[in-house]
Structure formats: structure tokens, C-alpha cells
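If you read the sequence from its start, that first residue is 1, and numbering goes on from there. Computed over heavy atoms, backbone and side chain alike; hydrogens, waters and symmetry mates excluded.
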Amino acid sequence: MVVFFFLVSMFSFAQDQEEVTFEVKLSKEKLGLNERLRVEFQMNKDGDNFAPPDFEDFNIVMGPAQQISSSWINGKRSFNKSYSYVLEPKKQGIIEIGQASIEIAGNTYKTVPKQVTVTAAVDNPNAPKTANDIAEENIHLVAEVSKGSPYLNEAVTVVYKLFVSPDIRVNNFRPLDNPKYNNFWSQDIPVKRYDPKNETYQGKNYRSVILKRVVLYPQKSGQLSIAPLTIELYVDVPTNKRDFFGSPVYRSATTNVSAGSRTLNVKALPIQGKPANFSGAVGDFDFSVSTSKTALNASESLQAKVEITGKGNLKLFQLPEPALPSSLEVYEPEYDEKVTTTLSGMEGKVANNYTIVPSFRGKYPIPSIEFSFFNPKTGSYETLSSNEITIDVLEGPEGNDVAVTNAQNSKVLVPTGKQFHFIKTTTNFSSTSTNFLFGSTKFYAYLFGPLVLIPLFILWRRKKEKDEQNVEGTRLKKVNKLARKYLSAAKKALGNKEEFYVALEKALHNYLKAKLKIETSDFSKDKINTLLLSKNVDEGSIEKFIQLLKNCEMARYSPFTQVQMNEDYNEASDVISKLDKQL
């Protein structure tokens with residue numbers, strides 16, 4: 001057993017002492033302008049931080065493709081790792097391929113530069129196609145868009161579908177560049193499993209699979225572009241060769257496919273017929289106003305619900321507010337949302353729940369209110385009205401000079417009951433006695449009170465001197481207090497985009513000034529990221545904090561809804577709470 005471990009140790013030591021090699025290999029050193037060059041960087045030990053040369057005189061057709069192989073023959077282990085590229089020359093002449101570098105076991109190794117000669121385009125139509133050429137011709141990524149000319153805030157579905165020839169086997173894939181949905185509200189629809197189907201594309205039979213699905217709501221009109229989705233595929237391509245049993249021999253290849261950029265022509269909502277109370281709702285909706293009860297006693301509460309159900313941009317508009325009599329005490333509404341996003345868009349319901357408490361007896365009307373929306377199916381605006389509801393307060397105090405005015409028909413309703421109180425005809429006098437100060441409780445309180453306050457004054461003075469010595473702590477308390485003040489101001493400004501985001505940005509600035517001790521002039525997102533990372537703050541919290549700052553900047557020139565403002569305010573409270581626990 002001892003001999004065995006000794007031999008293993010000697011073997012490991014010999015492997016560690018093996019000389020490191022890192023070299024470049026070219027498929028050819030002379031090629032035509034219309035030919036391709038395969039460049040492969042090989043090493044015999046695993047490394048990190050691979051840096052390729054600058055292929056400025058070439059177009060990168062594919063790569064980098066990474067391959068790793070390891071074998072054990074006659075007690076000797078061999079290891080090989082490579083990064084390969086397929087290049088197309090941009091010009092003729094002698095072109096140099098610069099040095100590549102990699103770190104192995106703490107040391108940096110570089111390849112030797114090599115030169116290739118590029119001649120004029122060659123006429124070689126009978127040259128056999130490479131595995132990569134075959135893969136490029138038989139694999140396609142397509143972005144299927146449900147509507148090319150939607151209305152503003154109308155749902156558009158984008159489905160990214162991969163078409164692969166039946167002869168090609170896909171081993172794996174990874175996204176290289178996810179599309180950016182600028183000027184869109186977007187919601188991903190997760191693909192839980194990849195189900196291949198047989199389809200026809202451009203007159204040929206393919207197997208197709210859905211890779212990604214997303215629902216978009218355009219936030220401005222005009223020509224809006226959707227950036228392409230690009231993925232890297234690892235495939236096996238059949239060759240013209242056959243094995244011993246007659247089956248085709250496959251070769252591995254790596255290829256990149258892109259869905260291409262798509263442009264939508266977003267139509268603005270019509271001006272003609274636009275209602276004055278239109279708040280941006282686009283879709284097909286139902287509208288209702290209801291109460292939990294219509295008869296109750298004073299000081300009891302009831303719930304009034306303003307609810308919108310249907311299909312459309314439910315998260316992107318404001319709900320109408322009821323015009324309630326001023327004599328009713330009304331609390332801030334609670335927002336209720338039950339919305340699901342499918343391939344056809346958002347559907348479900350949103351509602352505001354108002355808590356109402358009457359103080360006096362009487363009858364109080366909740367006037368009818370209107371909700372307007374644009375229906376893209378009919379291409380016109382529609383307005384729905386709620387029914388008028390009367391709240392009857394049966395028992396409670398009678399409010400003098402209390403009158404409730406119906407905003408629609410200007411009727412004046414006077415609380416029920418007696419209109420005049422009974423006038424008393426008898427008096428109720430009581431005798432009074434004179435109280436002297438000397439010897440009373442007040443006399444001793446005034447006499448000994450200052451003596452009791454002296455120790456309290458001494459304690460207060462010592463604490464004040466201690467706080468004055470702790471200048472930095474005092475400054476942090478003031479700045480933290482200022483941050484809370486601005487966060488409170490942001491909450492009060494909900495509904496006013498400019499005031500809200502100005503107050504929110506000030507709160508975020510002052511919070512970091514307190515925690516990280518930086519001035520506003522040094523306040524950049526890169527520095528925030530660096531400083532928070534140095535304080536061991538998790539990347540998720542940092543990303544959310546910086547995204548809030550970006551939202552504050554975008555709000556200056558982009559439309560933001562009440563829902564977005566509520567989400568940003570809640571996100572700010574959550575992020576500050578998480579940062580407090582980590583800083």
C-alpha cells in the first residue's frame with residue numbers, strides 16, 4: 001500500500017513538472033479572399049483568462065469554440081484544450097495573426113505570431129463543404145411577431161423559433177446576445193420544455209422548437225426596433241463517409257445563428273373622439289363600482305371597490321377615482337391586482353378598495369363615474385359608466401349644518417332626524433369654593449420640582465457633550481434623517497411623475513452619502529458599484545439600487561405610470577432595508 005501511494009505521488013509530481021505548451025495552428029497558410037481560415041489555439045494544461053488576438057483584418061464567422069479532451073494510455077495521462085475560430089479575410093496581402101495569451105498555474109503564456117497570405121478570390125466550386133458550412137445552411141433562427149403594426153400599448157407577442165434540418169443533431173446551445181426591448185414594457189413567458197415539431201420553412205422540411213417567448217407593449221408610437229437574439233449551437237453534422245455498419249459518420253461543429261432585427265410600426269392612438277378622462281387603457285374591459293354594504297350606523301366602516309376586468313394593458317394605466325361626499329371620511333385605497341400574462345397579453349382584474357367611515361346620520365350618494373378605454377379591435381374609444389349608489393347611515397349623531405350634495409344632479413340631502421335641539425328652561429348652578437396655593441400640591445410641586453430637574457439636566461448636558469465630540473456620528477444621523485425625509489416626500493408625490501422621481505433620487509443620494517461617506521460630486525454609478533462591492537453587498541441589491549437611479553433618470557423623458565411609481569417606491573424601501581443590514 002505504501003508503495004502504491006509512493007508511485008501515485010511520483011506520477012502526480014511528474015505530471016506537474018511536464019512542460020506547458022501553448023501554440024497556434026492554422027488550417028492553411030495561403031488562401032483566397034473568398035475562402036475561410038480555421039485558427040486553433042491549443043494547450044496541454046487547463047488555463048484561465050484566455051485572450052485572443054485582435055482579428056482586425058478578418059471577419060469572425062464562428063468562434064470561439066472550446067474543446068477539451070483527456071486520455072489515459074499506459075499509465076500516462078494526456079490533456080488537451082483548444083479554442084478555435086473560423087475567419088474570413090477582409091483584404092488581400094500578408095496578414096499577421098497576433099499573439100493570444102492565457103494564464104496557467106499563475107503564469108501567463110503567449111503564442112507566437114503567424115502570417116498568412118491572402119490572394120485574389122479563387123474559383124473552386126467543387127470544393128467540399130465543411131461541417132460549419134453545412135450547419136449554417138440547415139439551421140435557422142426566426143422571430144415570429146404576432147402584429148407588425150400594433151397600436152400604442154397594444155400587446156405584441158414575439159416567439160423565437162429554431163428550425164433544424166432532420167439530418168443534424170443539436171447537442172447544446174447558449175444565448176450570446178439577448179434582445180433589448182427598449183421603449184417596450186416586456187414580460188417573458190417561460191418555456192418549460194422544448195418540444196420539437198415537424199414544420200416546413202422556406203419550402204423545406206425542418207424540426208422546429210420554441211426557445212423563447214415574450215409579450216411586448218409599445219410605450220411610444222413610430223418605428224420601434226427589436227434587437228436580434230443570437231445563440232451559439234453545438235451540433236453534429238453528417239458527412240459523405242459511412243462507418244463499418246453503413247451509418248453516416250458525423251462531425252462536430254459550432255455555429256452562431258441570429259433571429260435578425262425586427263421593426264414594428266406602432267400606431268398612435270387617434271385624437272378624434274378621445275375622451276377627456278382617458279388614462280391610457282388599451283384593450284377590452286368591463287368596469288364596475290360596488291360597496292360591501294349600503295346601510296350602516298355612524299362610525300362603522302364599509303368598503304367601496306372600483307374594479308376593472310378584461311384583457312389589455314391592465315398594469316399600465318390609472319383607475320378612475322370616485323367622487324365621494326366631503327362629509328365621508330375616506331382612507332387611501334388598497335390596490336388589488338390579479339393579472340396573468342399569456343401569449344395573447346395581460347388578462348385578469350385590477351381594483352382599488354376604499355375604506356369609508358361616515359360620521360353622521362343621513363343619506364350619502366356615491367355618484368356614477370366613467371371609465372374610458374381604447375379598443376384596438378374596433379379602432380375606437382369606449383366609455384363605461386357605473387351605477388349611482390346611496391349609502392344610508394341609520395343611527396348616529398346629527399351633524400348641524402351637514403348637507404350632502406350630489407355632484408351629478410345637484411340635489412341637496414339633509415340628514416334625517418330632528419332639525420333643532422330642545423332648549424333647556426332650567427339652570428344647573430353649583431357652589432364653588434376658594435383654594436389657596438400655600439400648602440397645596442401645586443405649592444410643593446413648584447418648590448421641589450427644580451431640585452428634581454437638576455440631575456436630569458446634568459445627564460442631558462453630558463449626553464450633548466458626547467454627541468458634540470462624535471461629529472461623524474452626528475453628521476450621519478442628520479443625513480439619514482434627511483434621506484427619510486425625502487423618501488417620505490416621494491411617497492406624498494406619488495401620482496406626480498416629476499416630483500416623485502426628483503424626491504426619490506434625492507433620497508437615494510443622501511442615503512449613500514451617509515453610508516459610504518461620499519459627496520454628490522463623486523456620485524457615479526461605477527463608483528457606487530465599486531464601493532458597495534468593497535463593502536460585501538450582494539450583487540442583487542447593487543443591481544436593484546442602480547436600476548432605481550436609472551429609472552429616476554429615464555423618468556425625465558419617458559412616460560411612467562402610477563403602477564411603475566408604486567413599484568419603484570416599494571423597491572426603494574426594500575433596497576434601503578437590505579443595504580442597512582449589509583453596510
Side-chain angles (χ1 to χ4, degrees), residues 59-63 132-166 168-235 253-268 282-283 311-313 315-316 340-347 376:
N59 291 320
I60 300 177
V61 178
M62 285 175 290
N132 292 324
D133 293 334
I134 298 174
E136 289 180 4
E137 294 177 358
N138 293 276
I139 299 177
H140 308 278
L141 183 61
V142 179
E144 297 181 349
V145 180
S146 62
K147 298 175 185 176
S149 299
Y151 281 102
L152 181 71
N153 260 315
E154 183 182 4
V156 178
T157 304
V158 182
V159 177
Y160 296 92
K161 189 178 292 186
L162 181 68
F163 291 89
V164 181
S165 174
I168 295 178
R169 299 185 301 211
V170 177
N171 297 322
N172 201 356
F173 76 92
R174 67 183 182 93
L176 295 178
D177 189 13
N178 281 315
K180 307 296 182 184
Y181 303 113
N182 296 325
N183 300 314
F184 292 94
W185 183 95
S186 62
Q187 176 69 56
D188 280 334
I189 308 297
V191 178
K192 297 182 179 178
R193 54 181 298 179
Y194 301 112
D195 294 323
K197 296 181 179 179
N198 295 323
E199 288 193 60
T200 302
Y201 177 71
Q202 295 181 346
K204 296 182 180 180
N205 294 326
Y206 287 88
R207 288 178 301 162
S208 68
V209 64
I210 295 175
L211 299 182
K212 181 180 176 68
R213 301 176 299 185
V214 63
V215 176
L216 305 177
Y217 284 86
Q219 297 300 293
K220 72 175 186 179
S221 58
Q223 299 288 329
L224 301 184
S225 297
I226 303 174
L229 169 67
T230 304
I231 64 173
E232 182 180 38
L233 287 163
Y234 304 93
V235 298
T254 304
T255 183
N256 297 341
V257 290
S258 176
S261 178
R262 299 297 300 268
T263 300
L264 300 182
N265 181 26
V266 182
K267 298 180 290 187
V282 177
K311 196 173 186 179
N313 60 336
K315 298 181 180 180
L316 304 177
T340 57
T341 304
T342 63
L343 283 177
S344 58
M346 287 186 266
E347 56 182 311

I'd like to check [X] versus [Y] (side-chain heavy atoms, cut-off strictly below 4.5 Å). Are they in contact?
{"X": "L233", "Y": "L162", "result": "yes"}
{"X": "L316", "Y": "Q219", "result": "yes"}
{"X": "V235", "Y": "R169", "result": "no"}
{"X": "M346", "Y": "Y217", "result": "yes"}
{"X": "V257", "Y": "I231", "result": "yes"}
{"X": "L141", "Y": "L229", "result": "yes"}

**Message:** Show me the pairs that pass salt bridge (Lys or Arg N to Asp or Glu O under 4.0 Å) and involve residues 189-203, at least two apart or across chains.
**Reply:** K161-E199, R193-D195

**Item:** Of all pairs that satisfy salt bridge (Lys or Arg N to Asp or Glu O under 4.0 Å), the ones with a partner from residues 208-234, not counting sequence neighbours
**Value:**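 Those involving residues 208-234 are R174-E232, D188-K212.
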
**Asked** With no hydrogens and no angle check, is any side-chain donor or acceptor of S146 less than 3.5 Å from a backbone partner on T157?
**Response** yes

**Asked** Counting only N and O atoms by type, is there a donor-acceptor contact under 3.5 Å from the side chain of R262 to the main-chain atoms of G148?
**Response**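 No; judged by distance alone, with no hydrogens or angles, the pair does not exist.
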
**Item:** Results of side chain to side chain contact (heavy atoms under 4.5 Å, CB included) for N205 - residues two or more places apart only
**Value:**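 Partners of N205 by the side chain to side chain contact (heavy atoms under 4.5 Å, CB included) criterion, ordered by chain and then number, come out as T200.
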
Measuring from atom [atom1] of [X] to atom [atom2] of [Y], what distance do you get when rounded to the nearest 0.5 angstrom?
{"X": "L224", "Y": "N183", "atom1": "CG", "atom2": "CG", "result": "5.5 Å"}
{"X": "I168", "Y": "I139", "atom1": "CD1", "atom2": "CD1", "result": "4.5 Å"}
{"X": "K315", "Y": "W185", "atom1": "NZ", "atom2": "CH2", "result": "5.0 Å"}

For [X], all residues meeting ring-ring contact (aromatic ring centres under 6.0 Å, His included), sequence neighbours excluded:
{"X": "Y181", "result": "none"}
{"X": "Y234", "result": "none"}
{"X": "Y160", "result": "none"}

For the residue pair [X] and [Y], what are the closest heavy atoms and their distance?
{"X": "L216", "Y": "F184", "value": "CB-CD2, 3.8 Å"}
{"X": "V158", "Y": "I226", "value": "CG2-CD1, 4.1 Å"}
{"X": "S344", "Y": "E347", "value": "OG-OE2, 4.3 Å"}
{"X": "L264", "Y": "K147", "value": "CD2-O, 3.4 Å"}
{"X": "S258", "Y": "P228", "value": "OG-CB, 3.4 Å"}
{"X": "V61", "Y": "E136", "value": "CG1-OE2, 3.3 Å"}

**Request:** Check the angle between the aromatic planes of H140 and Y201 and answer parallel, tilted or perpendicular using the 30° and 60° thresholds.
**Result:**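 Ring orientation of H140 relative to Y201: tilted.
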
